[in-house]
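Just so you know, ligand 1 is whichever comes first in the structure, and atom 1 is the first atom listed for that ligand.
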Amino acid sequence: MRLNKYIAAAGICSRRKADELIAAGNVKVNGAVCRQMGCQVEEGDRVQVNGRTIEAAEKKVYVALNKPAGYVTTLSDEKDRATVADLVADIPQRLFPVGRLDAQTTGLLLMTNDGDLAQHLTHPGHEVYKTYVALVAGVMSDARLAKLRRGVDIGGFVTSPAKATVLKQHPHSALVEISIREGKNRQVRRMFAAVGNRVQALERVAVGNIRLGHLKEGHWRKLSREEVEYLKSL
Ligand code: URA
């Protein structure tokens, strides 16, 4: 098997990132640095990445997590805050989050040790629709909704066309469903701020066709085979 594939299959990172690690001289095979892109490894070879010996091809795991507020989307946090990794600690494989949710955002976060799929799904220009339900302050007028759909300037960046519908207008707030394909930092919050509605609570309810459904906060479920096939087909 090619070395980059072996590293990705072990759940360390994507194949592309593995190529970078190889080129940078961070990978050893049987004790010797290997910088060759096409380097082949066989069963029994000892592969080390950044000095750590990696285990061959781990079972691929794909989960949907309902992230509660207050958890950061990293695997380890320098400020020692609670992380999404804590919520999947009962799964033996080391899973990485697919994309990011802000600490205060709740809802659907996909996690996997399939580095190639994670990279593919978050690659700029190839992103799937992600659907959020936002509770926003004030009135969501038709004019504001039209702006969100068309694209708004969130500070040096104009967002691509989005889908947006008002689920409920309360006297002083509105519940709005919005679907976007991009993933700029705090994008949904900045889009609503740009049209004059501050986000009070934000939940992601779907990534493409994968829905959060009735998964309880802080809980995870394995994706079905159909869901995994669907993600790979994107
Ligand atoms: N947009 C946001 O503003 N926050 C998120 O967590 C995700 C999308």
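- Between the side chain of Asn197 and the backbone N or O of Ala137, at least one donor-acceptor pair lies under 3.5 Å.
- One N or O on the side chain of Arg144 and one on the backbone of Val195 form a donor-acceptor pair closer than 3.5 Å.
- Here Thr105 has side-chain heavy atoms under 4.0 Å from ligand 1, and that is the only part of it that gets that close.
- If you look at Leu202 next to ligand 1, the close heavy atoms, those under 4.0 Å, all belong to the side chain.
- For Val188, a nitrogen or oxygen atom sits less than 3.5 Å from a nitrogen or oxygen atom of ligand 1, counting backbone and side chain alike.
- On a distance-only criterion, Asp102 and ligand 1 share at least one N/O pair closer than 3.5 Å.
- Nearest residue to atom 3 (O) of ligand 1 from Lys184, Arg189, Gln104 is Arg189 (criterion: closest heavy atom).
- Checking side-chain atoms of Thr159 against main-chain N and O of Val152 turns up a donor-acceptor pair under 3.5 Å.
- Going from atom CD1 of Ile180 over to atom NZ of Lys163 covers 12.0 Å, rounded to the nearest 0.5 Å.
- Near Tyr132, meaning under 4.0 Å from any of its heavy atoms, are these atoms of ligand 1: 7 (C), 8 (C).
- A donor and an acceptor atom, one from each side chain of Thr105 and Arg189, are located under 3.5 Å apart.
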